[in-house]
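Since the structure comes first, as structure tokens, the remarks are kept for the end.
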Number of protein chains: 2
Amino acid sequence: MNGDVELPENVALAWGLRDRPSRGPKRSLSLDQVVAAGIQIAQAEGLTAVSMSRVASELGVATMSLYRYVPTKHDLLDLMVDTAFGPPPHPRGADEGWRPALARWGEGNVAALRRQPWMRHVPISGPPINPNQVRWLEYGLVALRGTGLRASERISTIMLVSGYARSWATLTADIVEAAARTGQTPEQVGLRYWQHLAVLTAPGPYPAIHELLGEGEEYDDDVDLEWRFGLDRILDGVAAMIDARAAASSQ
Amino acid sequence: MNGDVELPENVALAWGLRDRPSRGPKRSLSLDQVVAAGIQIAQAEGLTAVSMSRVASELGVATMSLYRYVPTKHDLLDLMVDTAFGPPPHPRGADEGWRPALARWGEGNVAALRRQPWMRHVPISGPPINPNQVRWLEYGLVALRGTGLRASERISTIMLVSGYARSWATLTADIVEAAARTGQTPEQVGLRYWQHLAVLTAPGPYPAIHELLGEGEEYDDDVDLEWRFGLDRILDGVAAMIDARAAASSQ
DNA sequence: CCTAATCTGCGTATGGCATACGCTTATCTG
DNA sequence: CAGATAAGCGTATGCCATACGCAGATTAGG
């Protein structure tokens with residue numbers, strides 16, 4: 001019943017569905033070791049330090065040996081992301097509403113990206129198909145159970161939250177990294193940005209930006225408050241739809 | 001008054017603020033020509049085809065000559081994105097509400113990314129600072145004028161919409177590209193995904209995913225409807241806050 | 001008008017990178 | 001024990017960004 005759909009090589013690999021051959025020498029490594037070595041390098045020295053030869057030397061094998069474990073470097077990166085993301089936070093509790101559950105799910109996304117910032121540089125290769133990604137999907141859907149949202153709407157809502165988490169984590173991590181590079185604090189980097197914007201827009205017709213800069217409120221920003229702001233807007237919007245549906249169907 | 005803030009080299013470059021030296025030979029190219037050549041290659045053959053030597057040969061110059069125009073390849077990519085994104089759609093009209101204006105602004109983001117899909121592969125290098133990026137920022141802020149939102153809230157709202165536009169455009173473009181690569185239609189690629197998901201989750205505890213697959217509603221999806229769904233949730237959430245503020249202050 | 005300063009284009013070289021190919025050797029099946 | 005198969009990996013190919021420095025063009029200042 002399952003057999004009539006062929007899984008792509010990289011997917012089968014991620015799910016551990018490759019049947020081991022019985023002939024030939026034993027492998028001296030496991031796929032997990034290769035993936036772990038990649039993650040360790042990425043975490044310690046950044047994604048740019050992850051090359052096939054670097055991973056191989058970390059494991060004490062020759063570069064080309066890795067290709068017995070992984071079809072391409074990109075597949076390795078996908079596996080690294082799936083492993084480093086890890087499993088989602090615990091699922092919606094029995095008496096937990098959809099909203100706190102989905103909020104926790106979103107926070108979990110941000111937390112994972114903050115723990116392993118290199119992941120934001122691995123380009124998304126498609127819809128979630130690897131084991132942990134699917135677990136995240138499952139828990140996200142669990143959070144939206146019983147809300148009256150249709151299938152495609154539940155998917156869209158999850159995409160909305162995870163996309164926001166990713167873009168927000170990316171922006172803040174970029175600032176932290178720029179600060180580290182230039183020996184400044186992240187606050188200084190933020191301040192610089194507004195100063196540059198002020199200089200550049202001074203001669204031109206940018207009334208709304210000048211208004212913004214004039215309010216002088218943008219420096220004392222707590223980043224977590226900003227994250228919550230966007231998340232709460234999304235959740236408010238979803239809540240409005242769920243409530244409207246519930247009202248319409250009970251009437 | 002402006003002079004006490006030094007602009008980084010790449011920013012000055014993007015804004016055309018480099019004072020031309022008077023000594024030395026005339027340049028045979030302009031920065032715009034270099035950027036245009038890069039865009040043309042990216043559009044025709046994808047971002048991976050854009051190398052310094054490829055751009056140079058397109059222009060009939062030697063590779064190293066480009067470095068007289070651009071400090072690094074990454075700066076070139078940033079300039080390419082800023083130029084290819086182009087200016088934002090026309091700003092909020094005098095009698096236009098914030099909501100349609102912000103919706104148009106979001107649609108404009110998606111439209112730009114769909115016109116030049118290679119842009120999604122250029123990693124975001126920081127907050128928007130290049131000329132067109134700043135124009136987009138300005139118009140986004142104009143859309144939110146008079147809503148009662150604070151400065152940091154206006155920024156967060158704009159980030160929310162542009163982040164969503166980017167992640168949505170990325171996902172759909174990935175599917176279109178995967179389809180082109182395998183000679184399938186995008187619909188077939190989507191169908192395959194759900195089939196793979198069904199096979200992989202069949203043995204495991206994925207009740208919410210099975211529920212989703214069981215609804216059988218996910219195949220006939222109109223992508224633009226899905227985009228609108230997420231956008232409307234965001235806008236509803238923002239509207240809720242704006243209305244609550246207005247009610248509180250008029251009371 | 002000349003000389004010194006300065007800039008342009010670019011040839012060359014360095015030190016990477018992913019990965020195709022094919023060989024040797026270890027291991028298992030029948 | 002023979003044949004099949006797979007593992008590890010040496011070698012080679014064809015990319016890549018970019019550091020460095022030189023030759024020739026152009027101009028400013030005397």
Side-chain angles (χ1 to χ4, degrees), chain A residues 9-10 12-13 16-35 37-38 41-42 45-80 118 121-123 125 181, chain B residues 9-10 12-13 16-35 37-38 41-42 45-80 118 121-123 125 181:
Chain A
E9 170 69 8
N10 51 347
L13 209 64
L17 298 178
R18 271 223 317 214
D19 42 346
R20 339 289 185 70
S22 50
R23 285 214 255 253
K26 305 272 190 232
R27 310 191 125 189
S28 62
L29 263 40
S30 70
L31 179 56
D32 287 347
Q33 277 178 281
V34 175
V35 171
I41 296 166
E45 302 166 47
L47 191 65
T48 57
V50 178
S51 70
M52 295 304 269
S53 61
R54 183 78 175 69
V55 173
S57 79
E58 202 75 12
L59 291 164
V61 300
T63 305
M64 291 310 293
S65 304
L66 297 183
Y67 288 96
R68 295 282 176 195
Y69 297 83
V70 140
T72 70
K73 181 187 178 180
H74 206 94
D75 293 311
L76 173 57
L77 293 179
D78 281 347
L79 292 171
M80 284 167 55
W118 55 268
H121 292 128
V122 180
S125 61
R181 232 189 349 260
Chain B
E9 171 70 8
N10 51 347
L13 210 63
L17 298 178
R18 272 219 321 209
D19 42 347
R20 338 287 184 71
S22 51
R23 284 214 255 253
K26 306 272 189 231
R27 311 191 123 189
S28 62
L29 263 41
S30 70
L31 179 56
D32 287 347
Q33 276 178 282
V34 175
V35 171
I41 296 167
E45 301 166 48
L47 191 66
T48 56
V50 178
S51 70
M52 294 304 269
S53 61
R54 183 79 175 68
V55 173
S57 79
E58 202 75 11
L59 292 164
V61 300
T63 305
M64 289 311 292
S65 304
L66 297 184
Y67 288 95
R68 294 283 176 200
Y69 296 84
V70 140
T72 70
K73 181 187 179 181
H74 206 94
D75 293 311
L76 172 57
L77 293 179
D78 281 346
L79 292 171
M80 284 166 55
W118 55 268
H121 292 128
V122 179
S125 60
R181 232 190 350 261

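Quick caveat, the model's predicted, so the values are computed rather than measured. Every heavy atom of this structure was used, including side-chain atoms; hydrogens, water molecules and symmetry mates were not. Here is the naming used below: chain letters follow the sequence lines, and residue numbers restart at 1 for every chain.
Between the side chain of B:Y69 and the backbone N or O of B:L29, at least one donor-acceptor pair lies under 3.5 Å. At distances below 3.5 Å, at least one donor-acceptor pair connects side-chain atoms of A:R27 with backbone N or O atoms of A:R68.
With rounding to whole Å, A:D19 atom CG is found 16 Å from C:dC28 atom C1'. Rounded to a whole Å, the CG atom of A:L76 is 12 Å from the C1' atom of C:dA18.
For A:S51 and C:dC17, the shortest distance from a side-chain N or O to OP1 or OP2 is below 4.0 Å. The phosphate of C:dG9 has OP1 or OP2 within less than 4.0 Å of a side-chain N or O from B:S28. The side chain of A:K26 contributes an N or O atom lying less than 4.0 Å from OP1 or OP2 of C:dC28. Taking side-chain N and O atoms only, A:S53 has no distance below 4.0 Å to OP1 or OP2 of C:dG16.
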Tabulate protein N/O versus nucleotide N/O from nucleotides 1-5 of chain C, keeping only pairs under 3.5 Å, one per line.
none

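Residues A:P123 and A:H74 approach most closely at CG-CE1, 3.7 Å, considering heavy atoms. A:Q33 and A:S28 make their closest contact through OE1-O, 4.3 Å (heavy atoms, listed as atom of the first residue, atom of the second, distance).
In this structure, CG in B:L47 is found 7.5 Å from NE2 in B:H121, a value given to the nearest 0.5 Å. Going from atom CG of B:L66 over to atom CG of B:L31 covers 10.5 Å, rounded to the nearest 0.5 Å. Distance CD/A:E9 to CG/A:D75: 8.0 Å, rounded to 0.5 Å. Rounding to the nearest 0.5 Å places CG of B:N10 at 12.0 Å from CG of B:L76. Here the NZ atom belonging to A:K73 is positioned 12.0 Å from the CG atom belonging to A:D78, to the nearest 0.5 angstrom.
Along DNA chain D, read 5' to 3', the first and last nucleotides having any atom under 4.0 Å from a heavy atom of chain B are D:dC16 to D:dA28.
A residue-by-residue look at A:L29 and B:V50 shows that A:L29 has its nearest nucleotide of DNA chain D further toward the 5' end.
Two residues are said to be in side-chain contact when any heavy atoms from C-beta on lie closer than 4.5 Å; A:L79 and A:V34 fail this criterion. Residues A:L77 and A:M80 have side chains in contact (heavy-atom distance under 4.5 Å, counting atoms from C-beta outward).
Of the residues in residues 59-75 of chain A, those placing a heavy atom less than 4.0 Å from an atom of DNA chain D are A:V61, A:A62, A:M64, A:S65, A:R68, A:Y69, in numerical order.
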